[in-house]
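Structure, as structure tokens:
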Amino acid sequence: MKKILIGLATVALLVVGGLFGAKVATAHSCSDVAAVVDSLNPLVSTQTVYVKTTKPHHIDADGTPRYQQTATDAQGHRRPIAFMGMKRFKLDHYLALKTKGAYVMSYHEVAANALSQAALVKLQ
């Protein structure tokens, strides 16, 4: 019985350690792999980040624009982010992205006065 409990504790430690390691490893990545890992990792919290729209980084064969930008949270912390748009965005508008790490769950346009001063300064 003691060996089973030690084994279970070891497996639990390895799982939690792996999840924490994955969170740290994907913290400043915007790859597709990082997005999948972050979407499945329960230790990664959701947050809202902001971007100022630019030209698409790439347009797929079926016309879907892909954007790769630097996002800023409300406190002014920056991180790279990659996401697909349903359309080409108007230039120099602000988007609020609901993210879970590198995984972008949704986006919507916001007015400049809806952003915090720290975020607005970093996006200028």
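Bear in mind the structure is a predicted one, so any value in this text is a computation, not a measurement.
Chaining together hydrophobic side chains whose heavy atoms lie under 4.5 Å apart places L8 alongside I4. The hydrophobic cluster around M1 extends to none of the other residues, as no ILVMFWY side-chain heavy atom falls under 4.5 Å of it. Other members of the hydrophobic cluster containing V37, listed by chain and number, are V33; membership follows side-chain contacts under 4.5 Å among ILVMFWY residues, whether direct or relayed. When hydrophobic residues (I, L, V, M, F, W, Y) are linked wherever their side-chain heavy atoms come within less than 4.5 Å, the members clustered with V36 are L40.
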#### Entry: Verdict with reasoning, T46 to T99, per side-chain contact (heavy atoms from CB on, under 4.5 Å)
CA-CA 5 Å; T46 60; T99 65; over 6 Å; no
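Counting non-hydrogen atoms of other residues, nucleotides and ligands closer than 6.0 Å to CE of M105 gives a total above 12.
Listed by chain and residue number, K2, T10 satisfy the side chain to side chain contact (heavy atoms under 4.5 Å, CB included) test with I6 (two or more places apart in sequence, or in another chain). Shown here are the side chain to side chain contact (heavy atoms under 4.5 Å, CB included) partners of V11, two or more places apart in sequence or in another chain: V15. In this structure D62 satisfies the salt bridge (Lys or Arg N to Asp or Glu O under 4.0 Å) test with no other residue, sequence neighbours excluded. With sequence neighbours excluded, the residues forming a salt bridge (Lys or Arg N to Asp or Glu O under 4.0 Å) with R66 are D60, listed by chain and number. For A82, the side chain to side chain contact (heavy atoms under 4.5 Å, CB included) partners are C30, Q68, not counting sequence neighbours.
Pairs passing the salt bridge (Lys or Arg N to Asp or Glu O under 4.0 Å) check and including a residue from residues 80-107, sequence neighbours excluded, do not occur. Legend: ring pair (Phe, Tyr, Trp, His ring centres under 6.0 Å) pairs involving residues 35-69, not counting sequence neighbours, sorted by first then second residue: Y67-F83, Y67-F89.
In terms of modelled atom types and a separation under 3.5 Å, the side chain of D73 and the main chain of V49 share no donor-acceptor contact. Remark: side-chain polar atoms of D38 are paired, donor with acceptor, to backbone N or O of A102 under 3.5 angstrom.
In this structure, Y94 and L123 have side chains that are in contact, with non-hydrogen atoms separated by less than 4.5 Å. Within the 4.5 Å cutoff, side-chain heavy atoms of R78 are placed close to those of K122.
The distance from atom CG of L95 to atom CD1 of I81, rounded to the nearest 0.5 Å, is 11.5 Å. Here the straight-line distance linking atom CG of L91 with atom NZ of K52 works out to 10.0 Å at 0.5 Å rounding. The OG1 atom of T70 lies 10.5 Å from the CZ atom of R79; values are rounded to the nearest 0.5 Å. For the atom pair CG (L97) and OG1 (T48), the distance works out to 8.5 Å, reported to the nearest 0.5 Å.
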Side-chain polar contacts of residues 106-120 - donor-acceptor pairs under 3.5 angstrom, sequence neighbours left out - could you list them?
residue	atom	partner	partner atom	Å
Y107	OH	M86	N	2.9
S116	OG	A74	O	2.6
S116	OG	A119	N	3.2

